[in-house]
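Just so you know, these numbers use all the heavy atoms, side chains as well, and skip hydrogens, waters and symmetry mates. Residue numbers begin at 1 in each chain, while the letters A, B, ... track the order of the sequences. This structure is a prediction, so every number in the text was calculated from the model and none was measured.
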2 protein chains.
Amino acid sequence: MQTVLDHDRIFGALGDATRRDIVRRAIEGEEGVAELTEHYLMSFAAVQKHIAILERAGLVSKHRMGRRKVVRTNLEGLRVARRLLDRYEELWRERVERMNQLINESPKEADR
Amino acid sequence: MQTVLDHDRIFGALGDATRRDIVRRAIEGEEGVAELTEHYLMSFAAVQKHIAILERAGLVSKHRMGRRKVVRTNLEGLRVARRLLDRYEELWRERVERMNQLINESPKEADR
DNA sequence: CATTGATACAACCATAAAGTTGTACAATCT
DNA sequence: AGATTGTACAACTTTATGGTTGTATCAATG
């Protein structure tokens, strides 16, 4: 297992509706692969592949519970994604601030 | 132009390092397509395609500035992504809360 | 108005992604 | 042990993605 938590894999994994739905359901962390498959129109193997992609991205992990393997969402994976978006918003804020500063520092055309 | 702001397109677009870098640079909103191309090892057309993908996702938009078209990041696009991640964290919080409630409501084995 | 600089887009190629079926393995229950 | 239930994975097909080159458009400038 890899769970590298790089942005390519994380955002790539979240770019599919089925996978996002698995992440959502797996926050509860009660369903195995077969149970998750019930919710979708695809084969067991297809769902398994989606879970593998989420796993490699570090967004979920599997835990044996009796005969099945329960899929649980990994909060830290989601937070890695969120932190990048937060950083972008911070850059945005800084740019706005810099622009305001320029406006205040230099006198307006009309005032000269 | 579409700018649909659906999660598939937004997360899909963010799942590529070049595109995330374009988003980052375009927060400043000063570079045209040709200028952006300078930063990468690919052709002008390739960068143009990446920008088109970001545009369709609603993450950036182009604005004519003289003879070139400046690429600017669209804050709302980033916020759509962030809100989904926030919702997941909220679901997580609710689950933890529910679990704590169960522990407090039912008496422990050892206390019986 | 012809030229130049910047962008747009079509056509094509190679590789990766998303799905399928089939088979093998692992753990539980009689 | 043998049957059953749940999971893993290989092999294959189809479609999407990321890159290329070449040609066309579009706005500013001499």
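- In this structure, B:K62 reaches the C:dA8 phosphate: one of its side-chain N or O atoms is under 4.0 Å from OP1 or OP2.
- Listed by first and then second residue, the salt bridge (Lys or Arg N to Asp or Glu O under 4.0 Å) pairs involving residues 31-46 of chain A are A:E35-A:R68 (not counting sequence neighbours).
- A donor-acceptor distance shorter than 3.5 angstrom exists from the side chain of B:R95 to the backbone of A:I27, with no hydrogens or angles considered.
- Distance alone, capped at 3.5 Å, places no donor-acceptor pair between the B:Y88 side chain and the A:T73 backbone.
- Judged as a side-chain contact (heavy atoms from CB on, under 4.5 Å), and not counting sequence neighbours, the contacts of B:R79 are A:E89, B:L75, B:E76, B:R83.
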Per-nucleotide protein contact along nucleotides 25-30 of chain C, 5' to 3', at a 4.0 Å heavy-atom cut-off (B base, S sugar-phosphate only, - neither), is --SBS-

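- To the nearest angstrom, C1' of C:dG19 lies 13 Å from CD of A:Q48.
- Taking atom NE2 of residue B:H63 and atom P of nucleotide C:dA6, one finds them 19 Å apart after rounding to whole Å.
- Considering only heavy atoms from C-beta on, A:L84 comes within 4.5 Å of B:R20 through its side chain.
- A donor and an acceptor atom, one from each side chain of B:H39 and B:T37, are nowhere located under 3.5 Å apart.
- No chain of hydrophobic side-chain contacts below 4.5 Å, direct or via other Ile, Leu, Val, Met, Phe, Trp or Tyr residues, connects B:L78 to B:I53.
- Not a single salt bridge (charged side-chain N to carboxylate O under 4.0 Å, His left out) links B:R87 to another residue, sequence neighbours left out.
- Applying the 4.5 Å side-chain rule to ILVMFWY residues, one finds B:M65 in the same cluster as B:V70.
- To the nearest angstrom, P of C:dA8 lies 8 Å from CD1 of B:I51.
- Nucleotides of DNA chain C nearest to A:G15 and B:R68 differ in position, and the one nearer the 5' end is that of B:R68.
- The side chain to side chain donor-acceptor pair (under 3.5 Å) test applied to A:D21 returns A:R24, A:R25, A:Y40, not counting sequence neighbours.
- The stretch residues 26-38 of chain A comes close to DNA chain D through A:G32, A:V33, A:A34, each having a heavy atom under 4.0 Å from the strand.
- Read 5' to 3', the first and last nucleotides of DNA chain D with an atom closer than 4.0 Å to a heavy atom of chain B are D:dG18 to D:dT29.
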Below 3.5 Å between N/O atoms, which protein atoms pair up with nucleotides 14-16 of chain C? Just atom names and distances, please.
none

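- Nucleotide C:dT7 holds its P atom 9 Å from the NZ atom of B:K69, rounded to whole Å.
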Give every donor-acceptor pair under 3.5 Å between a side-chain atom in residues 10-19 of chain A and any protein atom, sequence neighbours left out.
from, atom 1, to, atom 2, distance (Å)
A:D16, OD1, A:T18, N, 2.9
A:D16, OD1, A:R19, N, 3.1
A:R19, NE, A:A13, O, 2.8
A:R19, NH1, A:H50, ND1, 3.1
A:R19, NH2, A:G12, O, 3.4

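- For C:dT20, the OP1/OP2 oxygens have a side-chain nitrogen or oxygen of A:S43 closer than 4.0 Å.
- Scored by the salt bridge (charged side-chain N to carboxylate O under 4.0 Å, His left out) test, B:K69 finds no partners at all (sequence neighbours excluded).
- At the heavy-atom level, B:A45 lies under 4.0 Å from base atoms of the strands shown.
- Taking B:A52 as the reference, B:R56 meet the side-chain contact (heavy atoms from CB on, under 4.5 Å) condition, with sequence neighbours excluded.
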